[in-house]
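What you see is a predicted model; the values in this text were computed from it and never measured.
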Amino acid sequence: MDDCALLPQITINGVRYNAAAGRRPLQVDGCVTLCELFQRRCEELGARTAHREKKYGIWKSYSWLDYWRHAMWIGLALRKLGLSRGDVVSILSEDRKEWAWFDLGIQCVGGIASGIYTTDSAVQLRHLLNDSASRFLIVEDEEHLDKFLQIEDEVPKLLKIIVLEDEGLHDFDHPRCIMIDEIYKIGKKAEEENPGMFEAEIALAKPRDTALLVYTSGTTGDPKGAMLSNENILASIEAAARSLPVLSSDEQLCFLPLCHILERGVSVYYPLAGKSTVNFAESPETVFENLQEVSPATFTAVPRVWEKIYSQVQILVQDATPMGRRAYGFALKAGMKRADYLHAGRPVPVGTAAWYWLWDALVLKNMRRMLGMDRVRRGASGAAPISGELLKWYWAIGVPLIEGYGMTETSGLATINTPESNKIGTIGRTVDVNELRISEAGEIQLRGLNIFQGYWQDNEKTAEAFTSDGWLCTGDMGHIDDDGFIAVTGRLKDVIITAGGKNITPVEIESRLKFSHYISDAVIVGDRRKYLAALIMIDRENVEKYAQDKKIPFSNFASLCAAPDIIKLIAEEVALVNAQFARVEQIRDFRLIEVMLTAEDDELTATMKLKRSFVQKKHGHLIEAMYE
C-alpha cells in the first residue's frame with residue numbers, strides 16, 4: 001500500500017510538505033532517518049551520559065559513546081550472522097539499556113525492530129515470531145528463554161536467539177542460542193575488519209523504509225503488526241519537540257514496556273532530539289521507589305499508574321493525625337482554587353497565589369518530594385482515558401498533568417494538551433504533523449506524516465483501517481470545540497444502546513468510577529438491556545486497608561470482595577458517581593470481579609487496559625445475575 005496518498009499538505013518549519021512525487025522529506029536537525037539522527041547525537045554528545053541503570057543497588061552511567069559502540073557491535077554482529085536489510089528482529093525483555101542498544105543497532109543496519117511483551121505466553125510468542133518472520137530473537141534471561149524452548153520446533157525461520165543474562169545458564173548449550181558477550185565479540189571483530197561499515201549501512205537508510213514493527217495490544221483480537229517508517233517516527237519526534245519539549249538537562253524514568261509505542265517514543269526516540277538522560281527502572285515492581293530516587297523532570301505514564309499514586313496518597317492521608325489531615329485539606333483547597341484560574345487561562349490573583357504559596361511550603365512541596373515529583377515540570381498521561389477529577393487533583397498538588405492521545409498507527413502521538421494550553425476533559429489539539437476530522441458518524445479520523453504505512457502482510461486489514469479518501473479510522477468517537485480542543489466520548493464499538501433506545505458511551509462513567517481510590521477499574525454493561533450495570537475491580541491495597549481499619553474479616557481476595565461491608569462501601573462509591581449523571585445513565589446494579597487481574601490474564605493488555613470483550617465473556621455469569 002502506497003502511503004503517499006494518505007499524506008496531506010503540511011507546513012513544518014516554513015516548508016510546505018506535499019504527498020506529490022518529489023516532496024522534500026521531513027527533517028529533524030537536518031536528519032531524514034532515525035539512524036542518521038542517532039549517529040549525529042552520539043558524535044555530538046560523546047562522553048555525556050545517555051543512560052543510567054542500577055547495578056548491585058547503585059546507579060551506573062553509560063555515555064552516548066557507549067550507546068554508539070554497543071549499537072554498532074550489535075548491528076555488525078547481526079549482519080555477520082545472517083541479517084539482511086528488511087529482516088525483522090524481535091526483542092523479548094524488560095526495560096533496560098540493551099533494549100535501546102538493540103533497537104538502534106538493528107535499525108542502523110537496515111533491520112526492522114519488533115518488541116514483544118514479557119507477559120506474552122509461549123503460544124503468543126510463536127504467533128508473533130511466525131507472523132513477522134523474525135530472523136533473530138533477543139531474550140532477557142532464563143525465564144524468557146524457556147518460552148522459546150517450548151516452541152523451538154515451531155519457529156523454523158529463527159536463525160539465532162540472543163540471551164542478555166547468563167545467570168542459571170552457565171552450562172547451557174544450544175545450537176541456536178548465543179550470549180550477548182559473544183555478540184559484542186563478533187561485532188568488534190567485524191568493525192576491525194571493515195572500518196566504516198556501520199556508517200555506510202546508516203547512509204543506505206531511506207525516510208520511507210520500515211524501521212519498526214509494532215504489534216497492537218490486541219484489545220479487539222489477535223495483534224496486528226503496524227509498520228512505522230523512519231519518516232513516521234521523525235514526524236512524532238518533531239511533534240513532541242514542539243508540543244512537549246525535552247531539555248538536555250532533563251532526567252527521565254523509563255518503566256512502561258518498551259515494545260509499546262508510547263514508552264518507545266518517550267524513552268528512546270524523543271531523547272535523541274532532546275539530548276536528555278534516561279534512567280531505566282529496576283523492574284515494574286520498583287517504579288515508585290525509582291521515581292523517588294530519580295525525581296525526573298518529565299514523567300509519562302498510563303492512567304493506572306497516576307491512579308495508583310493518588311491512591312497511595314489517600315492511604316497516607318487516612319493514616320495521618322487529625323491535624324495532618326486538616327492541613328492536607330487546606331492545602332488541597334488552596335491548590336484547587338489556584339488550578340481553576342490556571343485552567344481558565346486567567347491570572348492567579350495575588351491573594352490566591354499567596355495562600356497557595358503558604359500551603360505549598362507547609363504541605364504540598366514535601367508531598368511532591370515524597371512522591372519523587374519535586375522536580376517534575378510536566379506529567380503526561382496517555383494510552384487510555386483518565387479521569388478529569390484526577391487531572392485536577394494533580395494540578396492542585398503542583399504537578400501539571402496533561403492528557404494526550406495517540407495510537408500505534410499514529411506513531412504514538414496525534415493530539416496533546418500542554419501545560420500552557422490545557423483543557424481538562426479533552427485530549428488537546430492536533431499536533432503539527434497531522435490533521436483531524438470528525439466523520440458524519442462521529443468518528444475521529446486522522447491523516448499526516450505520522451500515520452503508519454499499513455499492517456504487516458495484511459492488505460485487507462490495512463484497507464479497513466482507512467477511509468476511501470485516505471484518512472485513518474481511529475474507532476474513537478469525539479467532537480471538537482470552538483477552541484480546537486478534541487474530546488473523546490467513547491469507542492464506536494462500545495456504544496451501549498439500551499432497551500429503551502438510548503445511546504450511551506460508557507467511558508465517562510467508567511472514568512468517574514475509577515477516580516474513587518477504592519475502585520481500580522470498571523466495565524459498564526447494558527447493551528439491549530433495560531438499565532446499566534457494572535463489573536468492578538476493587539483497588540486491593542486501599543480496600544484491604546479499609547477492611548483492616550474497620551476490622552472486617554477476610555482470608556483472601558475473593559473473601560474480601562464477598563464481604564457485605566465491602567460491597568456496601570463500593571455501593572456508596574457507585575451512588576456518588578450516579579449523582580453526577582442522568583437517570584438513564586445511572587448504574588442500577590454491580591458485581592465485584594473476585595480475582596486479581598494482571599497483564600498475564602486475557603482481560604488485560606500489557607499496558608493495563610481492560611479488554612472489554614474478554615471481561616464480558618469471562619464474567620458473563622456475573623452480568624446475567626445482575627439482570628435476573
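In this structure, the side chain of Thr415 engages the main chain of Ile427 through a donor-acceptor pair within 3.5 Å. The backbone N or O of Pro296 lies less than 3.5 Å from no partner atom in the side chain of Glu251, so there is not a single donor-acceptor pair. Side-chain atoms of Thr352 never come within 3.5 Å of backbone atoms of Arg338 as a donor-acceptor pair (strictly under, hydrogens ignored). Counting only distance, with no hydrogens or angles, the side chain of Glu510 and the backbone of Ile524 share a donor-acceptor pair below 3.5 Å. A donor-acceptor contact shorter than 3.5 Å links the side chain of Thr426 to the backbone of Lys423. Between the side chain of Ser295 and the backbone N or O of Gln292 there is no donor-acceptor pair closer than 3.5 Å. Within the 3.5 Å criterion, the main-chain N or O of Phe485 finds no donor-acceptor partner in the side chain of Asp483. Here the side chain of Arg369 pairs no donor or acceptor atom with the backbone of Arg375 at under 3.5 angstrom. In this structure, Arg378 contributes its side chain and Pro245 its backbone to a donor-acceptor pair below 3.5 Å. Side chain of Ser511 to main chain of Val507: a donor-acceptor pair is present (N/O by atom type, distance under 3.5 Å, no hydrogens or angles).
Counting heavy atoms of neighbouring residues, nucleotides and ligands inside a 6.0 Å radius, atom CD of Glu167 does not exceed 12 of them. The neighbour count for Phe581 CZ, taken as heavy atoms of other residues, nucleotides or ligands under 6.0 Å away, is above 12. With a 6.0 Å radius and a threshold of 12 heavy atoms from other residues, nucleotides or ligands, Lys337 has its NZ atom at or below the threshold. For Trp357, the CH2 atom counts as loosely surrounded, since its 6.0 Å shell holds 12 or fewer non-hydrogen atoms of other residues, nucleotides or ligands. The number of heavy atoms from other shown groups lying within 6.0 Å of NZ (Lys54) is above 12.
In this view, Arg377 and Asp250 satisfy the salt bridge (Lys or Arg N to Asp or Glu O under 4.0 Å) rule, not counting sequence neighbours. In this structure, the salt bridge (Lys or Arg N to Asp or Glu O under 4.0 Å) partners of Asp549, at least two apart in sequence or on a different chain, are Lys545.
The closest side-chain donor-acceptor pair between Gln318 and His517 falls under 3.5 angstrom. Judged by distance alone, the side chains of Arg52 and Tyr62 never bring a donor and an acceptor atom under 3.5 Å apart. For the residue pair Ser387/Glu389, the side-chain donor-acceptor check at 3.5 Å is not satisfied. A side-chain N or O of Asp476 and one of Tyr405 form a donor-acceptor pair less than 3.5 Å apart. Side chains of Tyr518 and Ser311: a donor-acceptor N/O pair is absent below 3.5 angstrom, by distance only. Gln252 and Asn279 share no donor-acceptor pair across their side chains, judged by distance under 3.5 Å alone. Counted by atom type alone, Arg429 and Ser421 present one or more donor-acceptor pairs between their side chains at under 3.5 Å.
Taking NE2 of His260 as the start and CG of Leu258 as the end, the distance is 11.5 Å to the nearest 0.5 Å. Taking CG of Leu513 as the reference point, atom CE of Met537 lies at 13.0 Å (rounded to 0.5 Å). Annotation: the span from Cys259 atom SG to Tyr117 atom OH amounts to 5.0 Å, rounded to 0.5 Å. The distance from the CD atom of Glu165 to the CD atom of Glu143 is 11.0 Å, given to the nearest 0.5 Å.
In summary, the aromatic rings of Phe255 and Phe299 are positioned with their centroids under 6.0 Å apart. Here the two rings, on Phe515 and Tyr310, have centers that are under 6.0 Å apart. The six-membered or imidazole ring of Tyr531 lies near that of Tyr627, with a centre-to-centre distance under 6.0 Å.
Ion pairing of Asp95 with Lys97 is absent here, as no side-chain N (NZ or NE/NH1/NH2) approaches a carboxylate O to less than 4.0 Å.
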